[in-house]
K.L.:
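Sharing a structure with you now.
Just so you know, these numbers use all the heavy atoms, side chains as well, and skip hydrogens, waters and symmetry mates.
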Amino acid sequence: MKKYYCDFCDRSIPDNPEARRKHVSGTQHQMNVKMHYDSYRDVTEILNEQMQKPPCRKFTTTGSCEYGLSCRYSHVMYDAQGNPFLPPSFLPNSESSQGSGHRKESKRVPKFKLPPGLPSDLPPSLKPPPPQGYDWSNMEEWG
């Protein structure tokens with residue numbers, strides 16, 4: 001059976017119209033799509049939207065909330081001068097917001113394993129990428 005992979009939800013579903021319709025209309029998928037597009041929104045716009053909501057009791061007492069930006073309550077904090085701000089963990093592009101319960105973000109780090117019997121002196125184009133990524137600062141020198 002052919003499968004359709006949903007990038008928003010990080011899962012495969014059967015590739016037929018009924019299964020796609022059911023998946024796309026599901027609450028989890030709609031929330032994941034919203035979180036994806038919210039990550040491109042301006043922070044001040046998100047802050048203004050958050051300030052319209054009543055405060056989140058769980059966030060005010062514990063300092064964390066499992067729902068993140070999808071919570072129906074506000075997570076606005078105030079600095080010493082009284083200026084409102086969102087904690088970094090609730091900003092859409094922040095690394096720590098990915099684990100705040102609203103979406104299981106897959107950190108797909110491909111695990112490259114060379115097949116046995118290959119020579120150890122492979123050209124760079126055939127070697128797996130280094131775990132820390134490539135250094136792009138000296139690209140001009142590559143030519």
K.L.:
Can you name the side-chain contact (heavy atoms from CB on, under 4.5 Å) partners of D15, sequence neighbours left out?
P.N.:
K2, Y4, R20
K.L.:
Any non-hydrogen side-chain atom of F59 less than 4.5 Å from a side-chain atom of M77?
P.N.:
yes
K.L.:
Do V76 and F85 come within less than 4.5 Å of each other through their side chains, counting heavy atoms only?
P.N.:
no
K.L.:
NZ of K22 to CG of N16: how many Å apart, nearest 0.5 Å?
P.N.:
10.5 Å
K.L.:
Can you classify the ring geometry of Y40 versus H36 as parallel (below 30°), tilted (30 to 60°) or perpendicular (above 60°)?
P.N.:
perpendicular
K.L.:
Would you say that C6 contacts H23 through its side chain, given a criterion of any heavy-atom pair below 4.5 Å between the two side chains?
P.N.:
yes
K.L.:
Closest approach of P14 and A19, non-hydrogen atoms and distance?
P.N.:
O-CB, 3.5 Å
K.L.:
Once side chain to side chain donor-acceptor pair (under 3.5 Å) is applied, do any residues pair with T44, and if so which ones, sequence neighbours excluded?
P.N.:
D42
K.L.:
Y73 and Y78: same hydrophobic cluster, using ILVMFWY side-chain contacts below 4.5 Å?
P.N.:
no
K.L.:
Say whether I13 and M31 are linked into one hydrophobic cluster, either directly or through other cluster members, by side-chain heavy-atom distances under 4.5 angstrom.
P.N.:
no
K.L.:
Between atom NZ of K3 and atom CZ of R11, what is the distance when rounded to the nearest 0.5 Å?
P.N.:
9.0 Å
K.L.:
Do any pairs count as a side chain to side chain donor-acceptor pair (under 3.5 Å) and have a residue in residues 46-60, sequence neighbours left out, and if so which ones?
P.N.:
R41-E49
K.L.:
Heavy atoms, side chains only, cut-off 4.5 Å: are H75 and C65 in contact?
P.N.:
yes
K.L.:
Measure across N32 and C9 and return the closest heavy-atom pair with its distance rounded to 0.1 Å.
P.N.:
ND2-SG, 3.4 Å
K.L.:
Hey, can you tell me if Y37 and F8 have their rings parallel, tilted or perpendicular (30° and 60° cut-offs)?
P.N.:
tilted
